[in-house]
Colleague: 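Have a look at this one.
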Amino acid sequence: MAKELTSRKENYSQWYNDLVIKADLAENSAVRGCMVIKPYGYAIWENIQQQLDKMFKETGHVNAYFPLFIPKSFFSKEAEHVEGFAKECAVVTHYRLKNDEHGKGVVVDETAKLEEELIIRPTSETIIWNTYKNWIQSYRDLPILINQWANVVRWEMRTRLFLRTTEFLWQEGHTAHATKEEAIEETMKMLDVYAIFAENFMALPVIKGVKTESEKFAGAVDTYTIESMMQDGKALQGGTSHFLGQNFARAFDVKYLSREGKLDYVWATSWGVTTRLVGALIMAHSDDNGLILPPKLAPIHVVIIPIHRNEEQLALITEKAESIRKLLESKGLKVKYDGRDTHKPGWKFAEYELKGVPVRLAIGPRDLENNTVEMARRDTLEKLVVSADGIDSTVTQLLDAIQENIYTRALKFREANTIKVNTWDEFREVIGVKGGFAYAHWDGTSETEARIKEETMATIRCIPFNGDTEEGQCVYSGKPSKRRVLFAIAY
RNA sequence: CGGGGUGUAGCGCAGUUGGUAGCGUACCUGCUUUGGGAGCAGGUGGUCGCGUGUUCGAGUCACGCCACCCCGACCA
């Protein structure tokens with residue numbers, strides 16, 4: 001494992017790009033840093049969306065939609081927020097093109113300059129709070145529990161497929177509450193929703209915690225996060241939930257009259273996850289043969305491949321395969337029968353492994369004689385000849401086993417690569433040489449945090465909710481520390 | 001915005017002192033194959049990133065421009 005990890009670390013980018021492109025997930029478009037999400041990749045995102053949306057609704061939220069364009073002036077209202085996003089905003093300055101007089105194609109019509117520039121949303125706090133201002137007068141109007149599925153644009157200097165693209169898809173929840181306690185409860189509740197989704201559906205173990213002052217969301221009082229470990233030992237932030245305090249209510253002057261007749265600013269939260277989750281799935285579970293998808297999010301659960309020598313055989317196998325397909329589909333599984341004769345069985349095996357289909361069934365002449373099928377599981381690549389009778393329950397059980405197995409595998413990997421360090425040498429060993437998470441004491445200052453980042457590239461991923469609370473000495477400065485925090489190099 | 005690279009067939013690349021544009025793969029046709037990415041034979045496909053110059057002659061040399069990639073600051 002160690003060697004494999006090392007080699008991946010060196011070629012991670014190449015490995016990842018090859019995989020994604022070959023896996024028919026995405027390709028670079030002509031637009032800088034944007035991505036085309038191909039149908040199969042989008043199907044994974046749709047499954048993520050569907051499940052999360054269900055969980056949001058179960059916790060009392062409703063969906064709505066706000067504009068893509070935000071007037072520039074909205075951004076200047078919350079100082080920290082503009083500080084955090086100003087450097088990565090795409091700005092619309094004109095609204096018309098015209099034909100160039102000198103025949104040089106189409107040019108911007110300078111006479112069509114906007115009076116006030118529009119920002120393409122990097123996140124929607126400002127436009128949503130500008131709207132909430134008109135919706136909230138009394139405690140009877142609260143809480144507002146709204147979620148939006150949308151695209152956003154952040155003009156980052158460096159982009160990376162799925163992890164950091166210029167335009168990405170996400171959901172953003174924006175809630176307004178009468179009390180501080182209620183808002184904090186909401187923040188925690190949604191962090192839990194994300195954690196449960198990650199662990200139960202993505203088979204991705206996560207560490208819940210709070211961000212430090214320097215890593216928190218621009219404009220938040222506190223930012224909570226779920227952090228997970230990728231196969232190269234780096235950390236990936238999977239989702240965030242922010243307690244915004246009264247910052248945005250103050251900035252947009254959103255007050256309500258309480259039961260006691262007192263006028264006060266409302267309390268806010270926001271929370272989101274993005275298409276980065278698809279990247280997390282790829283990097284957490286895949287192997288050198290391609291993707292390994294958790295059955296609960298896989299666009300195809302089972303692929304059936306015929307093995308035949310002639311047309312008559314294919315006809316018989318197809319008949320058998322179709323009956324199995326119908327049976328499996330009646331159990332709610334998504335099944336694909338690939339009876340194309342333009343590709344050989346071996347080619348198809350490799351193809352569906354690349355795509356991460358959890359279970360493959362192969363049916364050949366021998367199986368017709370014996371009433372069997374060859375069943376292969378993607379996570380371990382094991383093959384087993386099983387009876388065609390009761391194939392539905394055999395497959396269902398295997399899918400459950402795969403879901404469980406890849407979660408356990410990821411958890412064990414994380415545990416094996418998470419080390420409590422007590423000295424600076426140990427810290428550098430774990431972060432710089434081995435690769436992984438380091439639990440270390442920290443003196444609580446931003447200065448120390450910045451120094452460590454400068455020297456090792458490692459950042460404090462979070463101050464975990466669970467974990468040691470014993471006191472100690474900062475691994476860098478030697479000053480007193482209240483507790484250990486989680487350090488890692490992050491994507 | 002700094003540092004370093006690369007632009008030649010759909011993709012990945014070679015192209016020597018300047019002399020008719022190549023290889024692998026993919027694609028198309030035919031035959032044989034089909035239980036782990038088949039074999040053989042034949043074939044399609046290129047304004048060598050763009051422009052200017054040097055030369056009898058430029059993928060190759062010179063100058064200018066453009067695009068993309070990697071590393072930093074930034075970041076879900």
Side-chain angles (χ1 to χ4, degrees), chain A residues 10-14 17-18 21-22 27-33 83-89 121-123 150-172 194 211 214-218 220 223-228 235-242 270-280 289-290 305-311 313-314 317 338-355 360-370 372-376 381 383 385 450 453-454 457 459 461 489-491:
Chain A
E10 282 160 8
N11 308 309
Y12 212 84
S13 181
Q14 190 57 47
N17 285 334
D18 278 357
I21 290 163
K22 279 187 192 157
E27 63 186 18
N28 291 311
S29 78
V31 184
R32 177 200 166 281
E83 175 81 10
F85 285 101
K87 283 176 284 185
E88 53 191 54
C89 287
R121 63 178 165 222
T123 179
N151 57 340
V152 290
V153 167
R154 296 185 188 174
W155 216 265
E156 305 288 356
M157 284 298 172
R158 301 205 51 217
T159 60
R160 200 160 179 196
L161 223 52
F162 279 118
L163 299 186
R164 195 168 45 247
T165 43
T166 298
E167 177 185 0
F168 56 94
L169 307 183
W170 79 347
Q171 64 62 217
E172 46 181 329
Y194 289 152
K211 287 285 186 189
S214 62
E215 294 277 328
K216 76 177 191 190
F217 176 74
T223 289
Y224 299 89
T225 178
I226 53 171
E227 298 282 332
S228 54
L236 188 77
Q237 179 176 312
T240 47
S241 184
H242 314 289
S270 69
W271 27 272
V273 298
T274 76
T275 35
R276 169 180 264 201
L277 288 183
V278 180
N289 291 325
I305 296 170
I307 297 160
H308 61 282
R309 287 176 196 281
N310 51 50
E311 291 295 317
Q313 269 182 2
L314 179 60
I317 292 168
D338 190 348
R340 289 179 296 173
D341 62 357
T342 50
H343 294 286
K344 294 180 58 175
W347 191 93
K348 293 177 189 169
F349 291 175
E351 175 71 6
Y352 292 103
E353 276 168 15
L354 202 57
K355 288 189 165 177
R360 179 186 72 233
L361 301 178
I363 305 174
R366 285 208 299 267
D367 298 303
L368 285 187
E369 278 177 34
N370 305 329
T372 55
V373 296
E374 183 192 79
M375 181 172 78
L381 297 172
K383 288 190 283 197
V385 176
K453 183 177 181 182
E454 210 171 292
M457 283 164 65
T459 49
R461 299 321 303 152
I489 295 176
Y491 276 100

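So you know, we letter chains A, B, ... as the sequences are listed, proteins then strands, and number each from 1.
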Colleague: Atom CD in A/Glu351, atom CZ in A/Arg360: separation rounded to 0.5 Å?
Modeller: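 One gets 12.5 Å once the value is rounded to the nearest 0.5 Å.
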
Colleague: Kindly list each side-chain donor-acceptor pair under 3.5 angstrom involving residues 342-350 of chain A, sequence neighbours excluded, with atom names and distances?
Modeller:
residue	atom	partner	partner atom	Å
A/Lys348	NZ	A/Asp338	O	3.1
A/Lys348	NZ	A/Arg340	O	2.7

Colleague: Indicate the ring-plane relationship of A/Trp271 and A/Tyr194, choosing parallel, tilted or perpendicular according to the 30° and 60° boundaries.
Modeller: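 Judged by the thresholds at 30° and 60°, the geometry between A/Trp271 and A/Tyr194 is perpendicular.
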
Colleague: Tell me which nucleotide among B/G35, B/G36, B/G37 gets nearest to the side chain of A/Arg360.
Modeller: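 Of B/G35, B/G36, B/G37, B/G36 is nearest to the side chain of A/Arg360.
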
Colleague: Is the distance from OP1 or OP2 of B/U34 to the nearest side-chain N or O of A/Arg309 less than 4.0 Å?
Modeller: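 Yes, such a contact exists.
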
Colleague: Main chain of A/Met375, side chain of A/Lys383: is a donor-acceptor contact present, judged purely on distance under 3.5 Å?
Modeller: no

Colleague: Toward the 5' end of RNA chain B, which comes first, A/Lys344 or A/Ala362, by nearest nucleotide?
Modeller: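 On the 5' side of the pair lies A/Ala362.
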
Colleague: Does any N or O in the side chain of A/Arg154 come within less than 3.5 Å of the main-chain N or O of A/Thr166, such that one atom is a donor and the other an acceptor?
Modeller: no

Colleague: Could you check whether A/Asp367 gets within reach of a base, just the sugar-phosphate, or nothing at all, counting any heavy atom under 4.0 Å?
Modeller: base

Colleague: Run the side-chain hydrogen bond (donor to acceptor under 3.5 Å, both in side chains) test on A/Thr459 and A/Arg461 for me, step by step, so that the C-alpha distance in whole Å, both residues' side-chain angles and the decisive distance to 0.1 Å come before the verdict.
Modeller: CA-CA 6 Å; A/Thr459 49; A/Arg461 299 321 303 152; 2.7 Å; yes

Colleague: Tell me, what's RNA chain B's dot-bracket, Watson-Crick or G-U with both distances under 3.5 Å, | for other-strand, [ ] crossing?
Modeller: (((((((..((((.....[..)))).((((((.....)))))).....(((((..]....))))))))))))....

Colleague: How many whole angstroms separate atom CG of A/Asp341 from atom P of B/G35?
Modeller: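 So the two atoms are 14 Å apart, to the nearest Å.
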
Colleague: Set out, line by line, the N/O atom pairs under 3.5 Å between protein and nucleotides 73-76 of chain B.
Modeller:
residue	atom	partner	partner atom	Å
B/C74	O2	A/Glu156	OE1	3.1
B/C75	O4'	A/Glu156	OE1	3.4
B/C75	O2'	A/Glu156	OE2	3.3
B/C75	O2	A/Arg164	NE	3.1
B/C75	O2	A/Arg164	NH1	2.5
B/C75	N3	A/Arg164	NH1	3.3
B/A76	O3'	A/Gln237	OE1	3.4
B/A76	O3'	A/Gln237	NE2	2.6
B/A76	O3'	A/Arg276	NH1	3.2
B/A76	O2'	A/Gln237	O	3.4
B/A76	O2'	A/Arg276	NE	3.1
B/A76	O2'	A/Arg276	NH1	2.6
B/A76	N6	A/Thr165	O	2.7
B/A76	N3	A/Thr274	OG1	3.3

